[in-house]
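Letters A, B, ... mirror the listed sequences (proteins, then strands); counts begin at 1. Because the structure is predicted, anything quoted here is derived from the model rather than measured. Just the heavy atoms: all of them, side chains too, but no hydrogens, waters or symmetry mates, feed the values below.
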There are 2 protein chains.
Amino acid sequence: MNANALSDENRRKLLEVAAEEILEKGFQATSISDILTKTGLSKGALYHHFSSKLTLGYAVLEEVYQPDCINQWALALSTSDPVSSISELLRTEIEEISDESIRLGCPLNNLAQEMSPIDEGFRQRISRAINRWRSDLEAALARGQKAGNVDPAIDTFQVATFIVASIEGSIGLAKNGQDRALFGACLEGVISYLEGLRA
Amino acid sequence: MNANALSDENRRKLLEVAAEEILEKGFQATSISDILTKTGLSKGALYHHFSSKLTLGYAVLEEVYQPDCINQWALALSTSDPVSSISELLRTEIEEISDESIRLGCPLNNLAQEMSPIDEGFRQRISRAINRWRSDLEAALARGQKAGNVDPAIDTFQVATFIVASIEGSIGLAKNGQDRALFGACLEGVISYLEGLRA
DNA sequence: ACTACCAAACCGACCAGTCGGTTTTCAAGT
DNA sequence: ACTTGAAAACCGACTGGTCGGTTTGGTAGT
């Protein structure tokens, strides 16, 4: 492949600044020029690494947002007592989430809401990312059932889907209200729903 | 006020076409020119009725999206057995919702996710609209408690907030997946949560 | 004559993307 | 070790086009 460290570094810088800009303003309202100013790079550099604004957006999604999301959940979804481990994750989230994160919301969901009806490429990539999260959650629930920690009667697909939806909804509601208390109230709802899934 | 029927009709046409465009593309990506083309009116007409794109957006929110939302929920939130009436509403929603609605999502939530971090005027107006929905729901739950239909131990604020969040999340997830089944699975989750609130 | 309403030409700002040219990198040749 | 040459990386002025908004001018109703 390519062993040029400097080049990779610049590509990385473009990705990360683009990720910040897109998170703040949305994809369509993000200006290429702004990204270039913030990175200190030129148009030539950007269009050398990415063939268009759209492919830059796809790369941000797949190389920044999605890995971040997976990392955040990996630990809580690897146990065989998902009700406890997820509840714990949500509780620490309630306490430790930054004001900035509340203001800006979930990168994946932001992009999903903005781009799904407009660009099929975005829609499918985001759908894949969320689907992976959902299926990891589903696997954790099934593991919990096997271990006797989760009610064996529940439909893991349906429950996992609902949990994902309600968490995204919670983040979205708190983002609009810019209110920690709202975020806490919503996640408490998720937690109490989770607790109802115990065997 | 003003009794000129033609003028009001043009204003109304601008509002409704703008509402469609914003729902399809988002506020920022909506082009004034496109709205004018679709209405057959001119810039002079638009800027006579609205002082800027922003105030047009505010008007769409307050005069189109918010009333639509209120109307949709009014009936289900006026009973004293909210668990039953809301579940019923959600079930008919699962069956009767159009493909177009799934593709485009909830107008209020779309605008909330796009504009909340960017424009404080939008954020507050949307927050007010959602807050009203939430408090109507909260009142219905309290009424249900008084009538002995809802568990008196629940915190109506927390529960109402969570329900709003999970419904918005459900619509958002289905919009991204463009999948009726996903929408159904999510709303089933809401319903089963609701059923757990009975006295 | 006055006001409400609307049309159309017009404006500067900004947009994503292009392109000719320059610099940096690195391996191959000697 | 040194040169060379070509490709990869990068630069920034420029283009065509669209944006929201303004201005000017007119028309219909009262």
Side-chain angles (χ1 to χ4, degrees), chain A residues 1-61 63 111 114-115 118-122, chain B residues 1-61 63 111 114-115 118-122:
Chain A
M1 279 288 282
N2 177 9
N4 190 327
L6 195 71
S7 173
D8 282 1
E9 196 181 308
N10 283 340
R11 196 189 116 96
R12 194 69 215 167
K13 205 190 299 183
L14 286 165
L15 273 179
E16 277 164 13
V17 170
E20 289 172 18
E21 289 289 303
I22 292 174
L23 179 58
E24 176 85 33
K25 312 189 178 171
F27 175 76
Q28 297 178 95
T30 288
S31 153
I32 294 285
S33 311
D34 285 355
I35 295 175
L36 299 178
T37 304
K38 284 204 178 185
T39 53
L41 295 172
S42 68
K43 274 228 170 131
L46 191 149
Y47 280 93
H48 170 73
H49 289 291
F50 306 97
S51 64
S52 69
K53 187 188 179 186
L54 206 55
T55 61
L56 171 62
Y58 293 167
V60 166
L61 171 61
E63 299 181 38
L111 226 38
E114 179 189 2
M115 299 306 293
I118 301 176
D119 181 81
E120 184 65 12
F122 257 123
Chain B
M1 279 287 282
N2 176 11
N4 188 325
L6 194 71
S7 175
D8 281 0
E9 196 181 309
N10 283 341
R11 194 188 119 95
R12 194 69 214 166
K13 205 190 298 182
L14 285 165
L15 272 180
E16 277 166 12
V17 170
E20 289 173 18
E21 288 289 301
I22 292 173
L23 180 58
E24 176 86 30
K25 311 188 180 173
F27 175 76
Q28 298 179 92
T30 288
S31 154
I32 294 285
S33 311
D34 285 355
I35 295 174
L36 298 178
T37 304
K38 283 203 176 183
T39 53
L41 296 171
S42 69
K43 278 212 171 164
L46 190 150
Y47 280 94
H48 170 73
H49 289 290
F50 306 97
S51 63
S52 68
K53 186 189 180 186
L54 207 55
T55 61
L56 170 63
Y58 293 167
V60 166
L61 171 61
E63 300 181 38
L111 226 38
E114 178 188 3
M115 299 306 293
I118 299 176
D119 181 81
E120 183 65 12
F122 256 122

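Contact annotation: A:Asn10 side-chain N/O to D:dC10 OP1/OP2 distance is under 4.0 Å. Note on B:His49: a side-chain N or O is less than 4.0 Å away from OP1 or OP2 of C:dC6. Side-chain nitrogen and oxygen atoms of A:Ser42 include none within less than 4.0 Å of the OP1 or OP2 phosphate oxygen of D:dC10.
Atom-to-atom, CG of B:Leu14 to P of C:dC6 comes out at 8 Å; the value is rounded to the nearest Å. Note: CD1 (A:Ile35) to P (C:dC15) measures 11 Å, nearest angstrom. For the pair B:Gln28 CD and C:dA16 C1', the interatomic distance rounds to 17 Å; values are reported in whole Å. The OH atom of B:Tyr47 sits 18 Å away from the P atom of C:dA9 (whole-angstrom rounding). Between the CG atom of B:Leu36 and the P atom of D:dT18 there is a distance of 15 Å, given to the nearest Å. The NE2-P distance, from A:His48 to C:dT24, rounds to 15 Å in whole Å. Rounded to whole Å, the distance from CZ on B:Phe50 to P on C:dC5 is 12 Å. Look at CG on A:Asp8: it is 11 Å from P on C:dC26, rounded to the nearest Å.
For A:Lys38, the side chain to side chain donor-acceptor pair (under 3.5 Å) partners two or more places apart in sequence, or in a different chain, are A:Glu21.
Counting any heavy atom pair closer than 4.0 Å across all strands shown, A:Ser51 reaches no nucleic acid atom. Using a 4.0 Å heavy-atom cutoff across all strands shown, B:Leu46 reaches no nucleic acid atom at all. Across all strands, B:Thr39 comes closer than 4.0 Å to no nucleic acid atom at all (heavy-atom distances).
Here the shortest heavy-atom pairing between B:Leu36 and B:Lys43 reads CD1-CG, 3.1 Å. Nearest heavy-atom pair, B:Gly57 versus B:Ile22, reported as atom, atom and distance to 0.1 Å: CA-CD1, 4.5 Å.
The side chain of B:Leu41 has C:dA7 as its nearest neighbour among D:dG20, C:dA7, C:dA16.
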Kindly indicate, with the supporting measurements, whether the criterion salt bridge (charged side-chain N to carboxylate O under 4.0 Å, His left out) is fulfilled by A:Arg12 and A:Glu16.
CA-CA 6 Å; A:Arg12 194 69 215 167; A:Glu16 277 164 13; 3.1 Å; yes
Evaluate the criterion side chain to side chain donor-acceptor pair (under 3.5 Å) for residue pair B:Gln28 and A:Gln28; output intermediate values, then yes/no.
CA-CA 8 Å; B:Gln28 298 179 92; A:Gln28 297 178 95; over 6 Å; no
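Toward the 5′ end of DNA chain C lies the nearest nucleotide of A:Ser31, the other residue of the pair A:Gly44 and A:Ser31 mapping further downstream.
Donor-acceptor pairing under 3.5 Å, judged by distance alone, is present between the side chain of A:Lys43 and the base of C:dG17.
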